[in-house]
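One structure is given below, encoded as structure tokens.
As the structure lists them, so they are numbered: ligands from 1, and atoms in each ligand from 1. Heavy atoms only: backbone and side chains are in, while hydrogens, waters and symmetry mates are out.
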Amino acid sequence: MPREVEPDLFPELTPARRMGKKGGVGTTKGEESRPDLLEVLPLAGVDHALAYRIPPHLTGKIKPGCLVRVPLRNGLVLGIVERLGTDQDVPDAKVKNVFELLFPDPILTTDLLALAKWIASYYLAGIETVFETMIPVPVRAGMAMKMERLLRVGKLALTEEELAGLERRAKKQAAVYKFLHQQTKPIARGLILSRLKISPATLDAMVEKGIIEETRQENPRVAYSDEFSDDETAAATAVGAFEINEAQRAAIADIGASLAAGKFQTHLLHGVTGSGKTEVYLRSIRTALANGGGVIYLVPEVALTPQTVGRLRSALADSGTKVVVWHSHLSAGERFDSWMAVARGEARVVVGARSAVFAPVANLRLVVVDEEHEPAYKQEESPRYHGRDAAVYRAKLAQAVCVLGSATPSLESLLNAKQGRYKLNRLPERVDGRAMPIMRLVDLRHQSTKGHGPAVISRELAEAMRERFEKKEQSILFLNRRGYSASLQCPSCGFVANCKNCSVTLTYHRTDEKLRCHWCGYQEPAPRRCPQCQAEDIRWKGYGTQRVEDSAQRVLPRAKIVRLDADTMAKRTLFRQILGDFRKGKIDVLVGTQMIAKGLDFPNVTLVGLVNADLSLHQADFRAHERTFQLLVQVSGRAGRGDKAGEVFVQTYTPSSPSIQFAKRADFDGFLEAELAQRREFHYPPARRLIRHLFRGHNAEKVKFYAEQWAKRAEILLKDAAELRGPAPPPLEKIKTYHRYQLWYFVDSITRIAPLLRQLRQEFPLDKEVLETIDVDPVDLS
Ligand code: ADP
Ligand code: ZN
């Protein structure tokens, strides 16, 4: 079992002297005090800045944010220059020289340096872990741009006599010389080798003699990749293809005013699905670029980058602006070169998932966070930062504008807008006067089940699917659970197949007749008889996407039906191919988990079925209602995006649930009021802030005892600053063989409690057998 280690939990307490200081970066006071020294944050388990001396050959060359190598203990380590000068009181004899400057330009902009510190202190992470997240491995490794070796004729051209001599002595060399002599620019070495069919030794000999010269040139592997530029949505969405509407115009003007003011401002762009939010982003981006600024555009998932990049490229084609893709699937070389292209200002627009918020964009003017409500923006490993919140904070540091867009904004952002911290811009209608889809609730309690367990596709939904199929229109069916059935239960003895490592039931996958754990990946063959009582009629309880696919095929035997979920997502090209086929109309019905609900825009889809709306409702999570509301609005947003009206069927056992009712009426304000009232009553975010402290280990008793001891001390130390709940087992009591306990801190201010928690961490003895995770503003509460 791989050990899950959170390496930097509650890192060393940063000296109070430094904590109290605002900004810290390049403060002039320090510069005045010791201009020959600087402060470096070594990436070597130190967690605070150390003073070093600038050696003569580097004087004037090092700036804050530069990557350097410095001596530490008995070796050399990498470090980030935090500031020039120091007010640390160190004896001269003890200060060592900076050993090396890795890149001439800073690798972190001033705002990124400050952002790193904020993330470390706010999310209770080590500054080093933050730097490791911010700076891609190849950059930290001091990787260089790929150099291409080029050849040209030497400075002293051969005379005709010399050339004739060469021809006699070495025919091949003469051929190379003549070839290069005809060229106007240096030619790649590889090209000469293959074209003239000569050996590398021949070229080396010529270089040696000075007949030809070798030069080197950077050959960037930047993911400006036009891999996606043929994206079909691109053409249709090019600027000038349509007139923007009044609501778009107002939003663009409002954001434009903020850009012109050149001060920090966050806008919440709340636009219903298909209201043309992207167009608002695009025009704002053009404004920012026109004024020489840089732009970061975040999308919640890597899978969504291609369509976004395609749109941006075509929209910005005329301006010659380079758009760089930024995500975890890039190769080391691409990552490095993209990073450099951005750091040097060659590319001014960066599109990517969460971590693109750390792109070293200079003169950052605009940060767009699309689908800002998406839980995927939260990083579920240390540093556990929220991409959206980091984006807002970075914009603040850079005095830039941040635009958060969504059809279903998070309660956090809606409250911020309501309280005036964010400007609210609404796009209340779909573009081109297109109608919002009609939502129909199907009460599953009134469906006959014929004794075969729950109906997967109701009569109403089946009827609508047949109708669309006949009209050659497309349908999408959503279910929030992959696999064939949720779990296996024996009707005779009640046996349920559970995971060996986790406190969850195993999911039945029919394609390979396996039972699988979606948490730890454990799998075993699906039994034919009950392992406990040997009964043969072992039954499946609940169902997953595979079963929906089967049922859909039974409803429409002649239709082409394809399933898209995490199982297919694992094969990336397959995912894109399926979406391509669906767009071309080669697929009639797409079945998928909600991951396919995000941002997809297929004009011929007129029917959407949400197979079981209750799945998200019955989760032990205070955001269950918010998620359900968002899910309903988002999935219905996939219907009727073309000229034809859309229809949505929501199957549920609880049609009167408020979140379902509010979604049906598309009553955003009503939902916000009702939900906020609930959160206030129970002190849940965004009414108060929440920190989740998770304890885990193999010995359940030990974990519990440790958590209780910690809680006792915490009660005393935090008495006025926090309200504690727990420790208690979380919904998933056991995961990957670890038993878990959690403690919740409800607080009014994270910044107030964070130092107290650090202090407690220092005082409280660690236990080798108990691992801890602290999660500020947690999203995953399982
Ligand atoms: P959203 O992100 O709000 O769901 P999109 O930005 O994807 O919506 O826009 C939906 C479609 O409408 C896109 O194809 C876009 O090019 C198009 N569109 C945007 N604005 C207009 C407009 N004013 N008139 C006509 N079509 C528009
Ligand atoms: Zn498991």
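Close approach of ligand 1 to I244 is summarised as follows: ligand atoms under 4.0 Å from at least one heavy atom of the residue are 23 (N).
Ligand 1 has R311 within reach: a non-hydrogen atom of the residue lies less than 4.0 Å from it. Heavy-atom distances between G271 and ligand 1 stay at or above 4.0 Å for every pair.
The distance criterion of under 3.5 Å between nitrogen or oxygen atoms is not met by R434 with respect to ligand 1. Considering backbone and side-chain N/O atoms, S275 comes within less than 3.5 Å of an N/O atom of ligand 1. Close N/O approach between V431 and ligand 1 is not found [any backbone or side-chain N/O within under 3.5 Å]. For a threshold of 3.5 Å applied to N or O pairs, the pair formed by F242 and ligand 1 contains no separation below that value.
A donor and an acceptor atom, one from each side chain of E372 and S410, are located under 3.5 Å apart. A donor-acceptor pair shorter than 3.5 Å cannot be found between the side chains of S258 and Q265.
Relative to atom 2 (O) of ligand 1, the option among D370, V272, T278, L427 with the closest non-hydrogen atom is T278.
Residue E246 does not touch ligand 1, judged by heavy-atom distances below 4.0 Å. Residue contacts with ligand 1 for E243 involve N, CA, C or O but no side-chain atom from C-beta outward (heavy atoms, distance under 4.0 Å).
Ring geometry, W326 versus W339: the interplanar angle falls from 30° to 60°, so the pair is classed tilted.
Checking V403, I285, I255 one by one against V280, the side chain to side chain contact (heavy atoms under 4.5 Å, CB included) holds for a single residue, I255.
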